[in-house]
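So the structure is just underneath, and the comments pick up after that.
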Amino acid sequence: MIPLDEALAHVLERVAPLAPRRVELTKSAGLVLAEAITAPEDVPAFANTAMDGYAVVAADTAGAAAETPVRLPVVGEIAAGHPAQRPLRPGEAMRIFTGAPMPDGADAVVMVERTERLDGGATVAVLVEVASGLHVRSAGDDLRAGDAVFAPGEVVSPGHLGVLAGIGAVDVLVHPRPRVGVLSTGDELVPPGRPLEPGQIRDSNRIALLALVARSGFEPVDLGLVRDDETTIAGAISEGAATCDAVLTSGGVSMGDIDLVRVVLDRLGDMRWMQIAIRPAKPFAFGVVGERATPVFGLPGNPVSSMVSFELLARPALRRRAGRTDLLRVETPGVAGEAFRRSPDGKVHYVRVVVERGAGGPLVVRSAGAQGSHHLTAMARADGLAVLPDGDGLAEGDEVHVLLLASDL
Ligand code: AMP
Ligand code: MG
């Protein structure tokens, strides 16, 4: 058995980010930047008001208060998108609306709530003294032309899209979203919706793995369910390697398995067959196949194992393929809400757990149910995987680290 770290290092060394492509901004959400972004212009581009009110010369409001208002003639009205026709002179005010450009000569805005409209709007009574710059968003307040905005490796979030649109970007250089093929093989497997003949089981791994691929931000590609036939399996894997950026198979990687998947993969690719010191998901294979050196992940067949193997080994590697540099989930600390017993066996155990957060308290971690590698219902219920290092386990109240599965972290 080898430690998980070693298996992961082996995989990560052999998986490279996909070559960047320029895509329209509208297609870049969730992708990873492959270029540094610099602001080409000031944001905002011009000084404007953060409030509805009156643009003034701040010095003109000296001493203004509710009992001692300062009266100013209103010489214009400035709406967003409509700059003033002339500068503001000392002793004048202009009505101004949020987002409208400040008129030349004005250096502050009195919010409308601190004013009184007089003479049908021809005059304003200012009821408060304002400082120069009040409620003014100056040009370049958020970004100055030439500022470094985003770095390669950052994920394009909704906020990033807003900023990119705000600086006039129309396209952006990103790593494409990896297309990840998922293949099931086995004569015992039946596609969903068909009756079971004796000895058959339903193919549950494919739909679960496709959904994990999608939830992780990659594009799932269903490579189907193929019979245990060397030519058919070879065809499906070759096709996956030619059309996808990575391929996941499940089953046929156990010690002593005389499985056709293994025979075929060894023929098609440069594979390494591993026994990893974890439970579940001990058996695992990884290699590269075909002219495009497509990474192929041989996940174990047991339903829980295939999902855990995806989380611990495939997901980090696929994130690297997507251009991400934050590959591993953060281990979130919590408190064992019950004892987690185990025996020493040289492996780290990943226990399916439900996680609750009491009001303001720590995360409380409890078993999600039966922990066999075929017990898929506990996996379905699980919020996370609790990490139990080799040993006798944990007592109730001990600190426990959890990989939160539904989060992006
Ligand atoms: P293997 O790794 O091929 O020895 O398979 C281990 C277990 O996983 C066996 O009980 C298989 O029947 C089961 N299995 C393999 N592939 C699938 C699948 N696609 N869906 C559900 N169970 C599977
Ligand atoms: Mg098998």
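Order of appearance sets the numbers: ligands from 1, and atoms from 1 within every ligand.
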Of D203, N302, D187, the one whose closest heavy atom lies nearest atom 7 (C) of ligand 1 is N302
Enumerate, atom names and distances included, each donor-acceptor pair closer than 3.5 Å involving a side-chain atom of residues 29-42, sequence neighbours excluded.
unit_1, atom_1, unit_2, atom_2, d
E35, OE1, R22, NH2, 3.1
E35, OE2, L173, N, 2.9
D42, OD1, A145, N, 2.9

State if R202 counts as touching ligand 1 under the rule of any non-hydrogen atom under 4.0 Å. yes
Could you list which atoms of ligand 1 come closer than 4.0 Å to a heavy atom of N205? 16 (N), 17 (C), 18 (C), 19 (N), 20 (N), 21 (C), 23 (C)
Those atoms of ligand 1 less than 4.0 Å from some heavy atom in E188: 11 (C), 12 (O)
Determine whether the side chain, the backbone, both or neither of L225 has a heavy atom under 4.0 Å from any heavy atom of ligand 1. neither
Residue I201 vicinity, atoms of ligand 1 by number, heavy atom under 4.0 Å: 12 (O), 21 (C), 22 (N), 23 (C)
Do the side chain of D229 and the main chain of T232 share a donor and acceptor less than 3.5 angstrom apart? yes
Below a 4.0 angstrom heavy-atom separation, can you tell me which part of T185, side chain or backbone, both or neither, approaches ligand 1? neither
Do S184 and N205 get their side chains close enough for a donor-acceptor pair, meaning under 3.5 Å? no
For L161 and S28 the tightest heavy-atom approach is CD2-OG, 3.4 Å
Under a 4.0 Å heavy-atom limit, does S204 contact ligand 1 with its side chain, its backbone, both, or neither? both
Can you find an N/O atom of G301 closer than 3.5 Å to an N/O atom of ligand 1? yes
Using the salt bridge (charged side-chain N to carboxylate O under 4.0 Å, His left out) rule, pick out the option among K347, R342, R279 that qualifies with D390. R342
From the options I278, L299, I2, select the one residue that forms a side chain to side chain contact (heavy atoms under 4.5 Å, CB included) with F284. L299
When rounded to the nearest 0.5 angstrom, what is the spacing between CZ in R329 and CG in L312? 9.5 Å
